[in-house]
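Every value quoted in this text rests on a predicted model; they were computed, and no experiment measured them.
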Amino acid sequence: MTMTVNGNTVSIPNDPRVSLLDFLREHLHLSGTKKGCNQGACGACTVLVDGQRVLSCLTLAVQCSERDITTIEGLSSDGVLHPLQQAFIEHDGFQCGYCTPGQICSAIGMLEEMRRGVPSQLTGDLCAEVVAFDRDEVRERMSGNLCRCGAHNGIVDAIEDVFREAAE
Amino acid sequence: MIPFSYARANDAAAALQFFANGAAKYLGGGTNLVDLMRETIERPARLIDVTSLSDSIEETADGGIVIGGAARNTAIAEHRLIRTRFPLLSRAIVAGASPQIRNMATTAGNVLQRTRCAYFYDNDAARCNKREPGQGCDAIEGFNRYHAILGASSACIATHPSDMCVALAALDAVVYLQGTEGKRTVPLSDFHRLPGDRPDIETVMRPGELITAVELPPKPMAVNSTYRKVRDRASYAFALVSVAAAIKIEAGVVGDVRIALGGVAHKPWRAMKAEAALRGQPATDVSFRAAAELELADAKAQAHNAFKVELAKRTIAAVLTDLSGDAA
């Protein structure tokens with residue numbers, strides 16, 4: 001059984017106890033994805049599985065057969081940062097940086113959800129085809145990613161800067 | 001985690017066959033089960049991955065909807081038919097957990113998540129009748145702000161944390177079960193148990209049975225429905241109290257109504273008393289408050305959650321008033 005991680009095909013471990021998070025960090029040495037709470041409460045371990053943002057700490061690696069995984073390491077190419085990575089730097093979207101890979105992967109997943117018109121609890125008219133893109137929506141939709149340094153204002157600034165046009 | 005074996009089932013028959021003995025568990029999104037296994041509170045010898053089973057969301061001939069057990073929460077919340085015909089279900093789902101968890105969590109797994117509290121999780125230091133039947137409950141003399149006010153027992157005061165299930169209870173949803181002895185259906189409101197003296201038994205499922213789907217029967221009145229969740233922070237927190245409701249008003253009178261409560265009991269709490277009291281009554285704030293009073297008449301608060309009784313009454317009345325619009 002194999003999965004694809006950042007474009008590379010890798011074999012899935014035999015031990016079904018291995019979480020996707022530990023597989024990425026300990027087996028593949030992709031330590032960009034972070035282990036915060038390891039219980040689904042903080043969002044630091046967020047990665048994209050087939051383009052959907054999920055928590056790698058609560059995903060078993062064995063469940064990812066034939067899946068396509070993207071981690072923070074897969075977002076830049078040839079030393080060129082993803083525009084959102086660059087925007088986090090420009091807007092002070094972090095202090096310690098521990099939650100940042102999860103924040104960025106989560107925001108990319110969020111953008112895809114907003115393009116699809118997935119509602120949030122702030123959505124007024126559920127029948128509307130297009131969802132609003134504003135700071136409150138970003139805050140609500142990013143509420144699964146905690147930042148203990150309190151860099152949330154910079155995080156929202158960075159996401160707005162890069163994604164405002166793309167979302168609408 | 002304690003070692004276990006893993007098998008992926010491609011259909012319900014294979015899942016039932018893999019089950020074989022009572023030490024297995026079906027695995028959906030894993031958002032609750034994997035967490036509990038890491039804490040060694042759940043200790044299955046075998047996991048049977050059922051995420052490859054039906055995740056379809058399909059309209060029935062009579063205007064209802066059947067949701068496959070493996071449908072992810074996000075897929076339900078964003079589905080056009082759910083948003084237009086059963087808006088309270090979309091609203092309940094997006095009020096729950098975080099977007100990442102909603103992308104993972106399945107319908108069946110959401111229904112089968114454990115009724116739980118912090119003392120249930122604290123297997124190093126706390127007593128819990130749900131973890132170890134007969135051990136005692138440290139929540140009753142402990143910090144119980146989040147705990148039940150309806151239908152609890154001296155053995156357990158934990159609450160069922162699902163938002164989705166509160167909406168399903170209000171919608172008269174039906175759970176489709178399949179076991180080695182055949183298929184059967186159970187109304188969602190009868191699916192979860194009150195704790196009694198066996199809080200470790202949370203549903204009426206038989207060993208090895210699998211949830212294959214949940215059906216929403218046709219309910220035209222659900223077009224006028226919503227879900228309100230009251231909690232300690234703006235997002236990503238369990239409910240202190242939540243209300244799912246749908247109402248049909250004809251000439252200022254309540255023609256029909258559905259109300260269910262979350263955060264108040266060991267199971268999604270269908271407010272049958274309030275519903276019965278409201279049918280045929282004027283759709284007014286006075287009627288709504290009186291019905292809420294009736295539903296909460298048997299409420300029993302713990303040391304730290306007496307506020308929930310009044311909060312539940314006010315939230316019921318506020319939701320019904322909002323849904324009544326100009327008619328109230």
Counting N and O atoms only, with roles assigned by atom type, does the side chain of A:Gln121 sit under 3.5 Å from a partner on the main chain of B:Gly96, one being a donor and the other an acceptor?
no
Could you give the distance from CZ (A:Arg53) to CD1 (B:Ile101), rounded to the nearest 0.5 Å?
11.5 Å
Please determine, among B:Arg72, B:Lys229, B:Arg231, B:Arg233, the option with the most heavy-atom pairs under 4.5 Å with chain A.
B:Arg231
Distance from A:Leu58 atom CG to B:Asp35 atom CG, nearest 0.5 Å?
5.5 Å
Counting only heavy atoms not in B:Arg80, do more than 12 fall under 6.0 Å of its CZ?
yes
Proximal component of A:Leu60, with respect to chain B [non-hydrogen, under 4.5 Å]:
side chain
At a heavy-atom separation under 4.5 Å, does B:Ser235 approach chain A through its side chain, its backbone, both, or neither?
both
Please classify the contact between A:Ser120 and chain B as side chain, backbone, both or neither, with a heavy-atom cut-off of under 4.5 Å.
backbone
Give, as side chain, backbone, both or neither, the part of B:Leu47 having an atom under 4.5 angstrom from any heavy atom of chain A.
side chain
Of the listed A:Gly109, A:Ser19, A:Cys57, the one with the largest count of heavy-atom pairs under 4.5 Å with chain B is A:Cys57
I need the B:Tyr121 OH to A:Gln39 CD distance, nearest 0.5 Å.
7.5 Å
What part of A:Asn38 is in contact with chain B, defined as an atom under 4.5 angstrom from a non-hydrogen atom: side chain, backbone, both or neither?
both
Rounded distance (nearest 0.5 Å) linking atom OG of B:Ser5 with atom CG of A:Asp15:
11.0 Å
Salt bridge flag under 4.0 Å for residues B:Arg102 and A:Glu113
no
With a 3.5 Å distance limit and no angle check, can you tell me whether A:Arg116 reaches the backbone of B:Glu78 through a side-chain donor-acceptor pair?
no
Side chain to side chain donor-acceptor pair (under 3.5 Å) evaluation trace for A:Ser106 with B:Gln100:
CA-CA 8 Å; A:Ser106 185; B:Gln100 291 97 316; 3.3 Å; yes
For the side chain of B:Asn103 and the backbone of A:Val54, is there at least one donor-acceptor N/O pair under 3.5 Å apart?
no
For B:Glu59, I'd like to know if atom CD has over 12 heavy atoms of other residues, nucleotides or ligands within 6.0 Å.
yes
If every non-hydrogen atom of A:Pro119 is compared with every non-hydrogen atom of B:Ala77, which pair is closest and at what distance?
CG-O, 3.5 Å
Donor-acceptor pair, side chain of B:Arg8 and main chain of A:Ser65, under 3.5 angstrom
no
Check: A:Leu126 main-chain N/O paired with B:Arg83 side-chain donor or acceptor under 3.5 Å:
yes
Any idea which heavy atoms bring B:Phe4 and A:Pro16 closest together, and the distance?
O-CG, 3.2 Å
Is atom CG of A:Asn14 surrounded by more than 12 heavy atoms (other residues, nucleotides or ligands) closer than 6.0 Å?
no
Proximity breakdown for B:Ala97 and chain A, heavy-atom pairs closer than 4.5 Å
neither
Between A:Arg17 and the options B:Arg38, B:Met37, B:Met1, the side-chain contact (heavy atoms from CB on, under 4.5 Å) test singles out B:Met1
Quick one: does B:Thr74's side chain get under 4.5 Å of A:Val118's, heavy atoms only?
yes
Measure from the side-chain N and O atoms of A:Gln63 to the backbone N and O of B:Leu27, and report whether any donor-acceptor pair falls under 3.5 Å.
no
